[in-house]
Novice: 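First the structure, which I've put down as structure tokens, then a few questions once you've had a look.
Counting starts at 1 for both ligands and their atoms, following the listed order. The first residue of the sequence shown is numbered 1, and numbering continues consecutively from there.
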Amino acid sequence: MEIKKIGIIGQGALGVMYGNYLKKRMGNENVFFIADEGRVNRYRSADMVCNGEACGFSYWSPAEAVTADLIIFAVKFMGMESALEIVKPFVGEHTLFLSVLNGISSEEMIEKAYGADHVLYACVQGMDAGKDGNEVTYKNMGYITIGNKDRSHDEKLKAVTELFDRTGLAYKVPDDILREQWNKLMLNTGVNQVTAVYGAPYSLIQKEGEARTMMIEAMREVLRVADTQDIDLTEADIDYWLELLATLNPEGHTSMCQDVLAGRPTEVDLFAGTMLKIAKKEGFSLPVNTFLYEKLKELEGASD
Ligand SMILES: NC(=O)C1=CN([C@@H]2O[C@H](COP(=O)(O)OP(=O)(O)OC[C@H]3O[C@@H](n4cnc5c(N)ncnc54)[C@H](OP(=O)(O)O)[C@@H]3O)[C@@H](O)[C@H]2O)C=CC1
Ligand SMILES: CC(C)(CO)C(=O)C(=O)O
């Protein structure tokens, strides 16, 4: 199967970065944004700009739906339930789904709505995209890590990697995509949540101190939870992330910290929320993630 028509839901930092890249290579008629009627009207009246270029995107509401070969979810976690509903008229018998959301929950949500046979598992790494009003900027696009949860190399994986080869989009197919997703989730559970609670840039966790210790302890709790799911993460993975964090711009902010500073809801349910749910089922507690969860919910409440 050749992927010819791509619908993206979520015209944010990542959606615009991927949308503009793919649109330039496949044409405006083949790469379009999906949204509810209200958003579509809003989007059509104000062009999006990506790294200084006017994007001129196409937008389709459910009433104007065409069948997509691939639907890419690029909303934040809080928008996922409604996004699943909005894309319904764009889904055909052979439509495939890919989610670039952080965390390990969005694929299961798509599977529940549209069936596991159509869902690729993915996590995205190494990009520095940010959105301010109608402008998205990035220096690095990073790459998509993609695979099947059962590690198979089937027709749907072939169709999506063929699309990436055709358009030159950087990707990796790891041996075990679930481990990759958990590893990234471990990083986000540590650095995103701690920097968001402190409202501070990377410099805070690059030096020894209470915040850095808390971040490492939050990641260690993820190791414990991952073990119950037969995901083999180790202290060496934490060491890898500490080395990587040391290379980031000390003045930069995680996406969750940006959400808190802007008074927006956060993806805490994707990080501590997921960990606490599994730990409760398994019968143990996670003191650091409980603290972070409560603090972040308090911060969200304060900005309501
Ligand atoms: N930014 C980054 O560098 C990285 C982000 N991620 C992850 O990628 C995901 C997306 O992040 P990011 O691009 O930064 O998010 P943004 O907040 O920049 O964008 C999300 C977009 O989704 C739109 N949206 C929300 N709900 C709906 C809906 N129901 N229907 C249609 N559109 C909707 C919003 O539109 P509107 O503005 O109109 O409300 C918003 O523009 C997150 O899970 C994040 O953690 C992962 C790695 C890096
Ligand atoms: C990896 C990291 C921390 C990059 O900033 C990220 O995924 C985020 O900010 O959400």
Novice: Checking a contact table here: which protein heavy atom is nearest atom 43 (O) of ligand 1, and how many Å away?
Specialist: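 Here the nearest protein heavy atom works out to Glu267 OE2, 2.7 Å.
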
Novice: Counting only heavy atoms from other residues, nucleotides and ligands, does the tally under 6.0 Å from CD of Glu29 exceed 12?
Specialist: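 Counting neighbours around CD of Glu29, more than 12 heavy atoms of other residues, nucleotides or ligands fall under 6.0 Å, so yes.
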
Novice: Looking only at protein heavy atoms, which one is nearest to atom 23 (C) of ligand 1, and how far off is it?
Specialist: Gly10 CA, 3.9 Å

Novice: Heavy-atom pairs closer than 4.0 Å: do any link ligand 1 to the side chain of Ile86, the backbone, both, or neither?
Specialist: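 Contact part for Ile86 vs ligand 1: side chain (C-beta onward).
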
Novice: Is the closest heavy atom of Gln258 to ligand 1 under 4.0 Å?
Specialist: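 No, Gln258 has no heavy atom closer than 4.0 Å to ligand 1.
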
Novice: Looking at atom 46 (C) of ligand 1, what's its closest protein heavy atom, distance included?
Specialist: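 I find the closest protein heavy atom is Asn102 ND2, 3.3 Å.
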
Novice: Checking a contact table here: which protein heavy atom is nearest atom 37 (O) of ligand 1, and how many Å away?
Specialist: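 For atom 37 (O) of ligand 1, the nearest protein heavy atom is Lys131 NZ, 3.6 Å.
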
Novice: Does atom CD of Glu210 have more than 12 heavy-atom neighbours, drawn from other residues, nucleotides or ligands, at distances under 6.0 Å?
Specialist: no

Novice: In terms of the angle between their ring planes, are Phe32 and Trp60 parallel, tilted or perpendicular, with boundaries placed at 30° and 60°?
Specialist: perpendicular

Novice: Of the backbone atoms (N, CA, C, O) and the side-chain heavy atoms from C-beta on, which set of Asn188 has a member under 4.0 Å from an atom of ligand 2: side chain, backbone, both, or neither?
Specialist: side chain

Novice: Between Lys158 and Glu155, does the salt bridge (charged side-chain N to carboxylate O under 4.0 Å, His left out) criterion hold? Intermediate values first, please.
Specialist: CA-CA 5 Å; Lys158 206 163 122 196; Glu155 285 303 312; 3.8 Å; yes

Novice: Taking 4.0 angstrom as the limit and counting only heavy atoms of Leu187, give me the atoms of ligand 2 inside it, by number and element.
Specialist: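 Per the distance check, 1 (C).
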
Novice: Just verifying a value: how many Å separate Glu267 CD and Ser255 OG, rounded to the nearest 0.5 Å?
Specialist: 6.0 Å

Novice: Using a heavy-atom cut-off of under 4.0 Å, does the side chain or the backbone of Glu85 touch ligand 1, or both, or neither?
Specialist: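 No part of Glu85 is near ligand 1 at this cut-off.
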
Novice: Find all atoms of ligand 1 within a distance of less than 4.0 Å from any non-hydrogen atom belonging to Gly79, and give their numbers and elements.
Specialist: 26 (N), 29 (N)

Novice: For atom 8 (O) of ligand 1, tell me which residue out of Thr266, Leu14, Ile9 has the closest non-hydrogen atom.
Specialist: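 Selected option, by shortest heavy-atom distance: Leu14.
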
Novice: Between Lys297 and Asp269, is a salt bridge (charged side-chain N to carboxylate O under 4.0 Å, His left out) present by the stated rule, with each step listed?
Specialist: CA-CA 9 Å; Lys297 286 288 174 190; Asp269 287 304; 2.9 Å; yes

Novice: Under the salt bridge (charged side-chain N to carboxylate O under 4.0 Å, His left out) criterion, do Lys112 and Glu108 qualify, and how do the steps go?
Specialist: CA-CA 6 Å; Lys112 219 181 249 174; Glu108 276 177 21; over 6 Å; no

Novice: Looking at side-chain heavy atoms only, is the closest gap between Asp36 and Ser61 below 4.5 Å?
Specialist: no

Novice: Heavy-atom pairs closer than 4.0 Å: do any link ligand 1 to the side chain of Val100, the backbone, both, or neither?
Specialist: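 Backbone only.
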
Novice: At a non-hydrogen distance cut-off of under 4.0 Å, which region of Arg42 contacts ligand 1 (side chain, backbone, both, or neither)?
Specialist: side chain

Novice: Centroid-to-centroid, Tyr59 to Tyr43, below 6.0 Å?
Specialist: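 They qualify: ring centres under 6.0 Å apart.
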
Novice: I'd like the name of whichever of Lys76, Met80, Met78, Arg39 reaches closest to atom 26 (N) of ligand 1 through any heavy atom.
Specialist: Arg39

Novice: How far is atom 48 (C) of ligand 1 from its nearest protein heavy atom, and which residue and atom name does that atom have?
Specialist: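 Among all protein heavy atoms, the one nearest atom 48 (C) of ligand 1 is Met127 SD, 3.9 Å.
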
Novice: Between the side chains of Asp259 and Thr266, does any donor sit under 3.5 Å from an acceptor?
Specialist: no

Novice: Please could you name the atoms of ligand 2 that Asn102 approaches to less than 4.0 Å, counting only its heavy atoms?
Specialist: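 So the atoms of ligand 2 that pass are 7 (O), 10 (O).
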
Novice: Can you tell me the protein heavy atom closest to atom 14 (O) of ligand 1 and the distance?
Specialist: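 Looking only at protein heavy atoms, the one closest to atom 14 (O) of ligand 1 is Ala13 CB, 3.8 Å.
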
Novice: Do Gln11 and Met48 have side chains that get closer than 4.5 Å, going by heavy atoms?
Specialist: yes

Novice: For a side-chain hydrogen bond (donor to acceptor under 3.5 Å, both in side chains) check, start with the C-alpha distance between Gln193 and Asn289, then their side-chain angles and the critical distance, and finish with the verdict.
Specialist: CA-CA 9 Å; Gln193 297 192 127; Asn289 274 287; 3.0 Å; yes

Novice: Can you tell me which portion of Lys184 lies within the under-4.0 Å heavy-atom range of ligand 2? Options are side chain, backbone, both, or neither.
Specialist: side chain

Novice: Of Gly103, Gly15, Ala74, Ser106, which has the heavy atom at the shortest distance from atom 20 (C) of ligand 1?
Specialist: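 Shortest heavy-atom distance from atom 20 (C) of ligand 1: Ala74.
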
Novice: Quick test: of every protein heavy atom, which one is nearest to atom 38 (O) of ligand 1, and how far off is it to 0.1 Å?
Specialist: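 Looking only at protein heavy atoms, the one closest to atom 38 (O) of ligand 1 is Tyr43 OH, 2.6 Å.
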
Novice: Examine the proximity of ligand 2 to Asn192 and report which part, side chain or backbone, both or neither, has a heavy atom under 4.0 Å away.
Specialist: side chain

Novice: Would you check whether Gln11 has a nitrogen or oxygen atom less than 3.5 angstrom from a nitrogen or oxygen atom of ligand 1?
Specialist: yes

Novice: Just jot down the side-chain hydrogen bond (donor to acceptor under 3.5 Å, both in side chains) partners of Thr95, sequence neighbours excluded, or say none.
Specialist: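 Here no residue qualifies.
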
Novice: Nearest heavy atom to atom 9 (C) of ligand 1 wins, so pick from Val75, Asn134, Leu270.
Specialist: Val75

Novice: Just by distance, with hydrogens left out, do Glu235 and Tyr240 show a side-chain donor and acceptor under 3.5 Å apart?
Specialist: no

Novice: Nearest protein heavy atom to atom 19 (O) of ligand 1, by residue and atom, and its distance?
Specialist: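 The answer is Gly12 CA, 3.1 Å.
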
Novice: For Ser255, is at least one N or O under 3.5 Å away from an N or O on ligand 2?
Specialist: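 So ligand 2 has an N or O lying under 3.5 Å from an N or O of Ser255.
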
Novice: With a sphere of 6.0 Å drawn around CD of Glu81, does it hold more than 12 non-hydrogen atoms of other residues, nucleotides or ligands?
Specialist: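 Atom CD in Glu81 is not packed in, count stays at 12 or less.
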
Novice: Which part of Tyr202 is near ligand 2, with near meaning a heavy atom under 4.0 Å away: side chain, backbone, both or neither?
Specialist: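 Only the side chain of Tyr202 comes within reach of ligand 2.
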
Novice: Do any N/O atoms on Ser82 end up under 3.5 angstrom from N/O atoms on ligand 1?
Specialist: yes

Novice: May I ask you to establish whether Arg25 and Tyr21 are in a cation-pi arrangement, using a distance under 6.0 Å from NZ or CZ to the six-membered ring centre and at most 45° from the ring axis?
Specialist: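 Ring-cation test returns yes.
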
